[in-house]
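Naming: A, B, ... by sequence-line order, numbering from 1 per chain.
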There are 2 protein chains.
Amino acid sequence: MAKVSFREQVLRVREDAIVASVNRLLAEKGFDNMTVDEVAADVGIAKASLYKHFSSKEELAGAAMIRVLEQAQALMASLPAGAPAVDQLKAVARWTMQVQLAGEMPSLPAQNSTLRAALMANKPYLDRLMEVSDQLGAWIGAAQTAGDLNPRLPPEVVLYTLFARACDPVLSLLKVSGQHSDEQIIEMLLSTCFDGLSGQTSTTKSPS
Amino acid sequence: MAKVSFREQVLRVREDAIVASVNRLLAEKGFDNMTVDEVAADVGIAKASLYKHFSSKEELAGAAMIRVLEQAQALMASLPAGAPAVDQLKAVARWTMQVQLAGEMPSLPAQNSTLRAALMANKPYLDRLMEVSDQLGAWIGAAQTAGDLNPRLPPEVVLYTLFARACDPVLSLLKVSGQHSDEQIIEMLLSTCFDGLSGQTSTTKSPS
DNA sequence: GTCTATAAATCGATAGAC
DNA sequence: GTCTATCGATTTATAGAC
């Protein structure tokens, strides 16, 4: 029998609530404009109590990133194993856009150096990031071999592009314009991502 | 004879130096992590003197955005008028990527509400933004009519996508990886932007 | 572990002399 | 207009009682 006591489970539930709040606030305001006071108020505890669970604001962001990476891993594991690799990649891209439209994709500024340093020293985060990258990398290679992805593109470029589409500002711009449904937005951006603005090849329709 | 005195010209040169510093610092650290103290130190004047020229940090950012929009207008005006519209769009996209790789593309977080409010009240900025959007919109429509851009995409989506590629994090990710030259990075991202990750249509090579 | 209260540092913006 | 000096507000993080 495991040593997971009742008290530890309560602790775990509370920390999950904290990370969920951080995740939502990061998506809404970004790392720089999110304050620890807001997080504490949103969870409903005192700020000093928050710091008993997480030792810094950067660690809060790291925990939120670990959360989404684990959700991504769960999604990837749930995909049908036999499908073409390019379809797996599209499914992941679609999921990241859904998360973003739902206001649950944490956005971390690439320019904040203290945050970057903290994340690069966060081993649990780096481990998840590596695992997700490896799985995506395998699919990218397979899709290029199958001729479904441009084989002249370095896999690195494809990987970075997919990550970048998970926080593409185009999504929120189109959402606030209010002229398209969430599903329409996602399908259009999937089309521009895989088939480009020129769009000679179609993912959903045959040329007829 | 104009009333532009020597003193006004000195003032203008100094403000140009301020905006150039702001532009570089915005590209390097982003709006939230750029401090007015840094700007003053970079220009070599006291912070109080800076505030005699620009009344707030948001106005500094607006001036930097006006600067790049005017540079974009100058580039667009210099393009050969007879070329296909899609080539004009690619030329603009290429230029924005060059600016970004040169570390001179200011990056403004979309989530900072006070900054957004200030920009939306900044008429000179909005005017330039509208002019640039109109010129790009005309080219987008022409390229769609010519069959060089996917006609099923709303022009709005194409416009937003082009703006977003001007601050695409993929560029800096690839640059720090150090495996490709600036020219290679730009050509690859132009390819993924217009032809997609699938890349069945080629902009630079015939299928052969 | 949770709280109140506060330390310590940063930053945008201004006062006032020259 | 430029400077030095400082205000006032915000924010990360901690001290110490319970």
Side-chain angles (χ1 to χ4, degrees), chain A residues 4-19 21-22 25-26 28-64 108-109 111-119 121-122, chain B residues 4-19 21-22 25-26 28-64 108-109 111-119 121-122:
Chain A
V4 179
S5 65
F6 175 73
R7 176 163 299 182
E8 286 184 45
Q9 286 194 27
V10 170
L11 193 101
R12 175 67 176 273
V13 167
R14 166 135 301 181
E15 292 190 350
D16 283 348
I18 294 174
V19 177
S21 281
V22 170
L25 287 169
L26 282 180
E28 181 187 335
K29 331 183 62 171
F31 180 80
D32 291 321
N33 290 101
M34 178 191 79
T35 69
V36 180
D37 290 82
E38 280 175 330
V39 177
D42 194 63
V43 180
I45 62 176
K47 183 165 57 171
S49 305
L50 225 177
Y51 275 97
K52 297 285 182 179
H53 294 276
F54 301 91
S55 61
S56 71
K57 184 183 178 183
E58 284 77 16
E59 198 176 318
L60 283 174
L108 305 185
Q111 291 126 336
N112 188 320
S113 55
T114 61
L115 174 59
R116 283 201 71 82
L119 286 180
N122 189 331
Chain B
V4 179
S5 64
F6 176 73
R7 177 164 298 182
E8 285 183 45
Q9 287 195 28
V10 170
L11 195 102
R12 175 69 176 273
V13 167
R14 165 137 300 180
E15 291 189 351
D16 283 349
I18 294 174
V19 177
S21 282
V22 170
L25 288 169
L26 282 180
E28 180 187 336
K29 329 182 65 170
F31 180 79
D32 291 322
N33 290 101
M34 178 190 80
T35 69
V36 180
D37 290 81
E38 281 175 329
V39 176
D42 194 64
V43 180
I45 61 176
K47 184 164 58 169
S49 304
L50 224 178
Y51 274 97
K52 298 284 182 179
H53 295 277
F54 301 92
S55 62
S56 71
K57 183 183 179 184
E58 284 76 15
E59 199 177 318
L60 282 173
L108 306 185
Q111 290 126 337
N112 189 320
S113 55
T114 61
L115 174 59
R116 282 200 71 80
L119 285 181
N122 189 330

Asker: Below 4.0 angstrom, which residues in residues 44-56 of chain B have at least one non-hydrogen atom near DNA chain D?
Answerer: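 Nucleic-acid contacts, sorted: Ile45(B), Ala46(B), Ala48(B), Ser49(B), Lys52(B), His53(B).
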Asker: Which residue pairs pass the salt bridge (Lys or Arg N to Asp or Glu O under 4.0 Å) test when at least one of the two sits in residues 44-55 of chain A, sequence neighbours left out?
Answerer: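 Non-adjacent pairs meeting salt bridge (Lys or Arg N to Asp or Glu O under 4.0 Å): Asp37(A)-Lys47(A).
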Asker: Hey, where on DNA chain C does chain A first and last touch, going 5' to 3'? Cut-off is any atom under 4.0 Å from a heavy atom.
Answerer: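 Range of nucleotides touched by chain A: dG1(C) to dT4(C).
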Asker: Which ones in residues 29-38 of chain A lie close to DNA chain C, meaning a heavy atom under 4.0 Å from one of its atoms?
Answerer: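 Close to the strand, none.
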Asker: Expressed as a whole number of angstroms, how long is the span from Asn112(B):CG to dT10(D):C1'?
Answerer: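 Nearest whole value for this atom pair: 14 Å.
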Asker: What are the residues of residues 12-19 of chain A, sorted by number, that bring a heavy atom to within less than 4.0 Å of DNA chain D?
Answerer: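 Nothing qualifies; none.
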Asker: What pairs with Asp32(A) under side chain to side chain donor-acceptor pair (under 3.5 Å), at least two apart in sequence or on another chain?
Answerer: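 For Asp32(A) the side chain to side chain donor-acceptor pair (under 3.5 Å) partners, ignoring immediate neighbours, are Asn112(A).
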Asker: Once you round to the nearest 0.5 Å, how far does CZ of Arg12(A) lie from CG of Asp16(A)?
Answerer: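 Arg12(A) atom CZ to Asp16(A) atom CG measures 5.5 Å (nearest 0.5 Å).
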Asker: So, using side-chain contact (heavy atoms from CB on, under 4.5 Å) as the criterion, who are the partners of Arg14(B) when residues are at least two apart?
Answerer: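 side-chain contact (heavy atoms from CB on, under 4.5 Å) check on Arg14(B) returns Ile18(B), Ile45(B), His53(B).
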Asker: For Leu119(A), which residues count as a side-chain contact (heavy atoms from CB on, under 4.5 Å) partner, sequence neighbours excluded?
Answerer: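 side-chain contact (heavy atoms from CB on, under 4.5 Å) list for Leu119(A), sorted by chain: Leu108(A), Leu115(A), Tyr125(A).
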Asker: Check side-chain contact (heavy atoms from CB on, under 4.5 Å) between Arg116(A) and all other residues, then give those that pass, not counting sequence neighbours.
Answerer: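 With neighbours one apart ignored, the set is empty.
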Asker: Applying side-chain hydrogen bond (donor to acceptor under 3.5 Å, both in side chains), which residue pairs with at least one partner in residues 55-64 of chain A are found, sequence neighbours left out?
Answerer: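 Of all non-adjacent pairs touching residues 55-64 of chain A, those that pass side-chain hydrogen bond (donor to acceptor under 3.5 Å, both in side chains) are Ser55(A)-Glu59(A).
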Asker: Please report the closest heavy-atom contact between Ala64(A) and Val22(A), naming both atoms and the distance.
Answerer: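 It is CB-CG1, 3.9 Å.
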Asker: Does a side-chain heavy-atom distance below 4.5 Å link Leu50(B) with Val43(B)?
Answerer: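 SC-SC contact between Leu50(B) and Val43(B) ruled out.
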Asker: Rounded to the nearest 0.5 Å, what separates atom CZ in Phe31(A) from atom CG in Asn33(B)?
Answerer: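 The distance works out to 9.0 Å.
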Asker: Holding to side-chain contact (heavy atoms from CB on, under 4.5 Å), I want the full list of residues that pass it with Asp42(A), two or more places apart in sequence or in another chain.
Answerer: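 Scan of Asp42(A) (side-chain contact (heavy atoms from CB on, under 4.5 Å), adjacent residues dropped) gives Ser21(A), Arg24(A), Leu25(A).
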Asker: For Glu38(A), enumerate each residue passing the salt bridge (charged side-chain N to carboxylate O under 4.0 Å, His left out) test, keeping only those at least two apart in sequence or located in another chain.
Answerer: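 Result, salt bridge (charged side-chain N to carboxylate O under 4.0 Å, His left out) vs Glu38(A): Lys29(A).
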